[in-house]
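Taking it in order: structure first as C-alpha cells, then the write-up.
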Number of protein chains: 2
Amino acid sequence: MLKKERQEFILREINLHNKVLTSDLCEAINVSEDTIRRDLSELAETGEIIKVHGGALSKSFHVSFQSNGVYSHDNKKLIAQKAVTLIRDGMFVLTTGGTTIIELAKALPQHLRATFFTGSLPAAMEYIQHPNIEVIFIGDRISKNSKITVGGDAITKIKQINADICFLGINAIDTEHGLTDNDWDVVQVKRAMMQSSKKVVALTIAEKINSLQKIKIAGIEELDAMITDMDPGDKIFDTYKQKGVEIL
Amino acid sequence: MLKKERQEFILREINLHNKVLTSDLCEAINVSEDTIRRDLSELAETGEIIKVHGGALSKSFHVSFQSNGVYSHDNKKLIAQKAVTLIRDGMFVLTTGGTTIIELAKALPQHLRATFFTGSLPAAMEYIQHPNIEVIFIGDRISKNSKITVGGDAITKIKQINADICFLGINAIDTEHGLTDNDWDVVQVKRAMMQSSKKVVALTIAEKINSLQKIKIAGIEELDAMITDMDPGDKIFDTYKQKGVEIL
DNA sequence: ATGGTTCGTGAATGTTTTTGCGGGAAATTG
DNA sequence: CAATTTCCCGCAAAAACATTCACGAACCAT
C-alpha cells in the first residue's frame with residue numbers, strides 16, 4: 001500500500017470515527033507502528049488531524065458551543081451579508097452546512113419569505129428561528145463531523161428538488177482542480193445539490209482560495225458565482241472571471 | 001480511551017450537570033481515581049473547570065444556575081434515567097422530540113452502541129455528540145413549534161423502519177381517551193412511529209397524566225410501557241396496569 | 001546499464017508519558 | 001475527637017514515542 005493511499009485511509013478512518021488508535025491502524029494496514037506514527041505526524045503537521053498520545057483525533061472533535069469560537073468569524077459575517085442579497089421572496093434555496101452557511105442563516109432578513117432545503121442540523125436550527133421561512137430537512141444518516149445528512153437517500157431526495165439557488169460552503173477551491181473536499185460522502189451531497197439548482201453560489205473565506213483537497217466536487221465552470229470576504233475587483237479572481245464565475 | 005478524549009468527556013459531563021464526583025467519573029470511564037484526579041487537575045490548570053474536594057464544578061456554576069429554562073427539569077432527568085435502562089447494544093431506536101427526549105439523549109451512556117432514528121432537530125443534535133451512536137434523521141418539512149419533521153414523506157420513511165423500541169414524549173394521556181396531542185401533523189408522525197416499533201414506551205411527567213388534548217394519537221392498550229417521575233407503585237397507575245401497560 | 005541519490009520503511013535503542021498502587025497527610029463528617 | 005474519605009507524593013511497570021541506522025525501491029543523469 002502506497003504512502004499517500006495509506007494516509008487517505010487514515011484520514012477517512014478518523015473522519016468516520018472521530019478518533020484512531022495507533023495500534024489499531026498498524027494492525028489494520030499491517031505496517032509498523034513507527035510508520036503510522038510518521039503518517040500521523042505528517043497529517044498533524046498539515047493540520048488535518050489532531051495528534052495525541054496513543055493515536056489521533058478529528059479536528060471537529062472538540063466542539064465549542066459559543067459562536068465566537070468560529071474561525072474567521074467577522075469575515076464570514078461579511079460573506080453572509082453579500083449572500084443574502086441574492087435571495088428573493090418565494091425562492092427555493094438549497095444550502096449545505098458549515099460555519100459560513102450558519103452566518104448566512106443568521107443574516108437573513110426577517111421579512112424574507114422563502115423555502116430552504118438543507119441537510120445540515122445547525123443550519124436548520126437557525127432557519128427555523130425565522131418566522132417566514134419554510135424549512136425542509138433532507139433526511140438520512142448524519143455524519144458526525146460535518147453534522148449534515150449523507151447517503152443515497154439524501155441524494156435521491158436532493159435530485160427531486162428544483163431549486164432556484166444553491167449556496168455551497170466550500171473547503172477548498174482552485175482554478176485548476178475546481179471545488180475539492182476531503183470527505184467522500186459530503187462530496188456526493190454537494191455534487192447532487194449543484195445539479196439540482198439553477199444557480200450555484202460558492203461561499204468561502206479568502207484563505208481557502210487556491211487551496212486543494214483530496215476529492216473533486218466539480219470544476220470552476222459549474223459555478224455561477226463566488227462570494228468571499230475580499231474585494232471582487234482583486235486580481236486573484238481574474239482566472240475565475242475568465243471561466244465565467246461572477247465574483248461578489 | 002485516549003487521555004484527551006477522556007478529558008473532553010469530563011468537560012462535557014461537567015457542563016451538563018454543573019458538577020462531577022471523582023468517584024462517579026472513575027466508575028463511568030473505568031480508570032483509577034488517581035487518573036481522574038490528574039485529569040481534573042490539568043483541566044483546572046487551564047482554567048476550564050473548578051476543582052474541589054471530591055470532584056469538580058463548572059465555572060459558570062457560581063453565577064447561579066443558568067441551567068436551561070426547561071420546565072420540571074429534574075423530573076425529566078429522572079425519567080431519562082429510567083428510560084436508558086431499556087436500551088441495549090445494537091438496538092434500533094425511534095424517538096420523537098420534546099424536552100424529555102432531550103434529557104434521554106443526554107443520559108445515554110457513553111459506551112452504548114445503537115442506531116437512533118428521529119425527526120427532531122434538537123434530539124439529533126444531542127445524539128451526534130455520542131461517539132457510538134449512529135443517527136438517521138427523518139427528513140421532510142420542519143414544524144417550527146415542535147422542531148420535528150412532519151409530512152407525508154416523513155411518514156413514508158418511518159413506515160419503512162422496523163425499530164426495536166420507540167420513545168414517545170407525550171403531551172397528554174388519560175385512561176379513557178389514551179394518548180392525545182394538539183398538533184395534527186405531529187400526531188400523524190407519532191402514530192406512524194408507534195406502528196413501526198416492536199415496543200412503544202411513553203415518557204411523561206406526572207402532571208400530564210390524566211390530562212386531555214384535542215387530537216387522539218392512540219389508545220392506552222397500544223402502549224407497552226410508561227415512564228414517569230413517580231413511584232411505579234402509585235395507585236394512580238392501577239387502571240394503566242390493568243390495560244397491560246408496564247409502569248417504570 | 002551503472003553508479004549515485006533520494007525516499008520509504010522497519011528495526012534497535014533510549015527517552016518520555018501515562019497509569020495504577022501504596023502509604024501517609026489532609027480534609028470532611030458525625 | 002475519631003472514623004472515613006479524599007488527596008498528594010513517589011515509585012514502578014507498561015505503553016507510546018523520538019532518534020538513529022540500515023536496507024531496499026525508485027529515480028535520475030551520465
Side-chain angles (χ1 to χ4, degrees), chain A residues 1-63 177 182 211-215, chain B residues 1-62 64-65 81 109-111 131-132:
Chain A
M1 188 182 252
L2 272 50
K3 181 181 169 187
K4 190 159 182 180
E5 195 182 355
R6 195 176 56 229
Q7 295 193 351
E8 274 177 37
F9 175 81
I10 294 174
L11 215 50
R12 186 165 163 70
E13 203 66 11
I14 289 184
N15 287 334
L16 217 55
H17 304 115
N18 272 326
K19 73 160 185 183
V20 286
L21 303 183
T22 312
S23 51
D24 284 359
L25 282 176
C26 90
E27 191 186 347
I29 318 185
N30 228 45
V31 289
S32 75
E33 292 209 352
D34 299 75
T35 303
I36 297 294
R37 258 193 291 275
R38 274 185 283 247
D39 284 337
L40 293 181
S41 297
E42 284 181 31
L43 291 171
E45 194 93 6
T46 61
E48 304 186 67
I49 63 171
I50 296 169
K51 194 163 163 290
V52 296
H53 198 97
L57 301 173
S58 154
K59 274 191 120 175
S60 56
F61 184 77
H62 180 78
V63 274
H177 306 89
N182 61 6
S211 71
L212 179 63
Q213 297 260 12
K214 302 295 162 59
I215 309 165
Chain B
M1 187 184 248
L2 296 160
K3 181 181 165 186
K4 185 142 186 181
E5 199 182 355
R6 196 176 56 226
Q7 296 190 350
E8 292 277 350
F9 174 80
I10 294 174
L11 260 183
R12 182 172 156 71
E13 205 65 13
I14 289 183
N15 288 333
L16 216 55
H17 305 113
N18 276 325
K19 70 165 185 183
V20 286
L21 303 182
T22 311
S23 51
D24 284 359
L25 282 176
C26 90
E27 191 188 348
I29 318 184
N30 230 44
V31 289
S32 76
E33 294 211 349
D34 296 79
T35 303
I36 296 294
R37 256 193 293 277
R38 273 184 280 248
D39 283 337
L40 293 181
S41 296
E42 283 182 32
L43 291 171
E45 194 92 9
T46 60
E48 305 186 67
I49 62 171
I50 296 167
K51 194 163 163 292
V52 295
H53 198 96
L57 299 176
S58 155
K59 273 202 134 174
S60 56
F61 184 65
H62 62 87
S64 86
F65 41 92
Q81 299 290 347
Q110 187 87 350
H111 57 78
N132 297 317

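First the proteins, then the strands, lettered A, B, ... as listed; each starts at 1.
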Only one of B:N30, B:D34, B:I36, B:I29 passes side-chain contact (heavy atoms from CB on, under 4.5 Å) with B:S32, and that residue is B:D34

Of B:V20, B:I50, B:L11, B:I14, which meets side-chain contact (heavy atoms from CB on, under 4.5 Å) against B:S58? B:I14

Distance, rounded to the nearest Å, where A:I36 contributes CD1 and D:dA15 contributes P: 19 Å

Nearest-angstrom distance from the residue atom CD of B:E5 to C1' of C:dT18: 15 Å

Decide, for D:dA26, between syn and anti: a glycosidic angle within 90° of 0 counts as syn, anything else as anti. anti

Over all heavy atoms of both residues, which pair between B:L57 and B:K19 is shortest? Give the atoms and the distance, please. CD2-CB, 3.6 Å

Rounded to the nearest angstrom, tell me the gap between atom NE2 in A:H53 and atom P in D:dA14. 15 Å

Scanning both residues in full, the closest heavy-atom pair of B:L2 with A:G55 reads CD2-N, 4.0 Å

In whole angstrom, give the distance that lies between atom CD of A:Q7 and atom P of C:dG8. 9 Å

What integer distance in Å separates B:E33:CD from D:dT5:P? 11 Å

Taking donor-acceptor contacts at under 3.5 Å, does the side chain of A:R6 reach the base of C:dG8? no

Whom does D:dA25 pair with, Watson-Crick or G-U wobble, provided both distances fall under 3.5 Å? none

Sort out the partner of D:dC17 for me: Watson-Crick or G-U wobble, both distances under 3.5 Å, none otherwise. C:dG14

Taking only side-chain N and O atoms of B:K51, does any of them lie within less than 4.0 angstrom of OP1 or OP2 on D:dC8? yes

B:E42 CD to D:dC7 C1', straight-line distance once rounded to whole Å: 16 Å

A:T22 side-chain N/O to D:dA16 phosphate OP1/OP2 under 4.0 Å: no

Spacing of B:D24 atom CG relative to D:dT6 atom P, expressed in whole Å: 10 Å

Gap between atoms CG and C1', on A:L40 and D:dA18 respectively (whole Å): 14 Å

Closest to the side chain of B:D34, out of C:dA12, D:dC7, D:dC8, is D:dC8

Go through C:dG10, C:dT18, D:dC7 for me and flag the one nearest to the A:S32 side chain. C:dG10

List the steps, then state whether salt bridge (charged side-chain N to carboxylate O under 4.0 Å, His left out) holds for A:K4 with A:E8. CA-CA 6 Å; A:K4 190 159 182 180; A:E8 274 177 37; 5.1 Å; no

Candidate nucleotides D:dC17, C:dT19, D:dC7, ranked by approach to the side chain of B:R37 - the nearest: D:dC7

Residue closer to the 5' end of DNA chain D, B:S23 versus B:R38 (nearest nucleotide): B:S23

